[in-house]
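As the structure is a computational prediction, the values presented were derived from the model and not from experiment.
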Amino acid sequence: MLREPARGATEAISQSTADAPGWRGYLDLFKHPRYLLVVAGYVAQTFAMGGFSFWAPSFLVRAHHMELSAATGFFGQALVLTGLVATLAGGYWATVWQRRTGTGYAWVLALSAIGAVPAAFLSFTLADPAMAKLALAASMFLLFLSTGPVNTLILETVPVAMRASAVAMSIFAIHMFGDLWSPKVVGYLSDKWGDLQRAVLWVLPGALVISAAFWIWLVVDTRRRKTIEG
């Protein structure tokens with residue numbers, strides 16, 4: 001319901017920086033460490049989310065003996081509800097925090113990943129089906145908290161003229177190195193060990209730990225830069 005400002009009204013772009021750099025523009029992204037930390041954490045998070053979305057219904061069927069239709073129905077409904085509420089809540093919370101401290105976006109990324117680790121672990125270890133489903137929904141809620149801040153930081157950690165390249169590279173990275181492989185990795189380990197629970201516990205919470213580590217690093221780097229800038 002907000003009025004959209006004119007494109008470029010608050011951004012000064014010289015003609016030299018506005019020229020499309022071609023493939024060199026993607027290589028130049030590696031000169032921006034904060035951008036790399038954002039995307040690295042995003043790749044690990046997407047790896048976990050890809051595995052969750054593919055294997056969670058199967059896990060509910062195998063571990064808690066739910067009907068497949070009931071398991072997929074629950075997961076789909078939880079995905080829609082948590083995705084909507086958490087995306088809006090995370091965006092609002094991060095924006096308010098960012099205005100006050102200048103580190104809100106990074107902190108919301110880090111805290112969402114940190115909180116999702118124990119929630120994900122519990123969702124695959126609790127014996128009670130109702131509690132397991134509650135933990136699974138909590139995991140999804142915490143993961144979706146980062147949706148707004150992560151996309152904002154992808155844009156804000158690079159120069160204005162590189163934003164399109166930054167978005168394109170991030171989309172490529174999260175799918176090529178994230179959710180493209182995670183369902184296959186979980187399935188391979190499940191077949192090898194004969195235990196889906198063990199496979200998801202090793203792969204999915206582990207990926208979230210890696211995501212949290214990158215985003216904690218981002219918080220530290222952001223605070224350091226704020227201190228230097230005064």
Side-chain angles (χ1 to χ4, degrees), residues 1-5 32 34-54 56 74-123 133-158 163 166-171 173-175 177-179 182 204-223 225-226:
M1 305 302 291
L2 299 176
R3 187 171 203 155
E4 183 72 15
H32 300 278
R34 292 181 67 232
Y35 170 79
L36 296 178
L37 290 173
V38 173
V39 174
Y42 200 11
V43 167
Q45 187 208 56
T46 306
F47 187 95
M49 292 183 72
F52 268 108
S53 62
F54 192 92
F74 160 76
F75 189 80
Q77 293 167 8
L79 188 69
V80 171
L81 182 60
T82 59
L84 177 62
V85 175
T87 298
L88 294 174
Y92 177 79
W93 177 32
T95 300
V96 172
W97 196 346
Q98 181 74 14
R99 288 172 179 170
R100 291 179 178 176
T101 66
T103 59
Y105 294 144
W107 267 116
V108 171
L109 294 187
L111 292 177
S112 67
I114 292 170
V117 172
F121 182 84
L122 289 173
S123 66
K133 290 193 291 184
L134 181 62
L136 189 62
S139 302
M140 290 188 281
F141 180 87
L142 289 163
L143 290 171
F144 281 120
L145 280 177
S146 64
T147 302
V150 74
N151 285 285
T152 300
L153 284 175
I154 286 170
L155 298 176
E156 292 192 352
T157 52
V158 298
R163 287 180 174 175
V167 171
M169 178 64 83
S170 69
I171 293 172
I174 64 173
H175 294 306
F177 306 110
D179 56 8
S182 56
L204 304 184
L208 293 175
V209 170
I210 295 172
S211 177
F214 279 118
W215 284 344
I216 291 170
W217 188 356
L218 176 67
V219 170
V220 173
D221 186 71
T222 301
R223 294 183 66 181
R225 289 172 182 267
K226 292 293 293 184

Val219 and Thr103: CA distance, side-chain angles, deciding distance, side chain to side chain contact (heavy atoms under 4.5 Å, CB included) verdict: CA-CA 7 Å; Val219 170; Thr103 59; 5.6 Å; no
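- Surrounding CZ of Phe74 are more than 12 heavy atoms belonging to other residues, nucleotides or ligands, all under 6.0 Å away.
- Put simply, the side chain of Trp215 never gets that close to the backbone of Trp107: no donor and acceptor are under 3.5 Å apart.
- Leu145 CG to Thr87 OG1: the interatomic distance, rounded to the nearest 0.5 Å, is 8.0 Å.
- Between Leu36 and Phe214 there is no side-chain heavy-atom pair separated by less than 4.5 Å.
- Between Leu37 atom CG and Ile216 atom CD1 the span is 12.0 Å, to the nearest 0.5 Å.
- Between Ser112 and Leu142, the shortest heavy-atom distance links the atoms CB-O, 3.1 Å.
- The closest side-chain heavy-atom distance from Met169 to Val39 is not below 4.5 Å.
- Summarising the local packing, CH2 of Trp217 is surrounded by 12 or fewer heavy atoms from other residues, nucleotides or ligands at distances under 6.0 Å.
- Put simply, CE on Met49 and CG on Leu79 are 7.0 Å apart, with the number rounded to the nearest 0.5 Å.
- Atom CZ of Arg34 has more than 12 neighbouring heavy atoms from other residues, nucleotides or ligands inside a 6.0 Å radius.
- Distance CD1/Ile174 to CD1/Ile154: 7.0 Å, rounded to 0.5 Å.
- Pro149 has its side chain out of reach of Trp93: every pair of non-hydrogen atoms, C-beta onward, lies at least 4.5 Å apart.
- Listed for the Tyr42 side chain is no donor-acceptor partner under 3.5 Å among the backbone atoms of Val150.
- Side-chain atoms of Leu155 and Val167, non-hydrogen and from C-beta on, do get closer than 4.5 Å to each other.
- Here the OG1-CZ distance, from Thr157 to Arg163, works out to 9.5 Å after rounding to the nearest 0.5 Å.
- In this structure, Ala56 and Leu136 approach most closely via the heavy-atom pair CB-CD2, 4.0 Å.
- Counting heavy atoms from C-beta on, the side chains of Ser170 and Tyr35 come closer than 4.5 Å.
- Contact detail for Ile210 and Ala44: the closest heavy-atom pair is CG2-CB, 4.0 Å.
- Of all heavy-atom pairs between Gln98 and Gly104, the closest is OE1-N, 2.9 Å.
- Of all heavy-atom pairs between Ser182 and Gly51, the closest is OG-N, 3.1 Å.
- Atoms CG and CZ, from Leu84 and Phe141 in turn, are 10.5 Å apart once rounded to the nearest 0.5 Å.
- Between the side chain of Ser139 and the backbone N or O of Ala120 there is at least one donor-acceptor pair closer than 3.5 Å.
- Under the 3.5 Å distance criterion, the side-chain polar atoms of Ser146 are left unmatched by any main-chain donor or acceptor of Leu109.
- Heavy atoms only, all atoms of each residue included: Ala106 and Leu153 are closest at N-CD1, 4.0 Å.
- Remark: side-chain polar atoms of Gln45 are paired, donor with acceptor, to backbone N or O of Leu143 under 3.5 angstrom.
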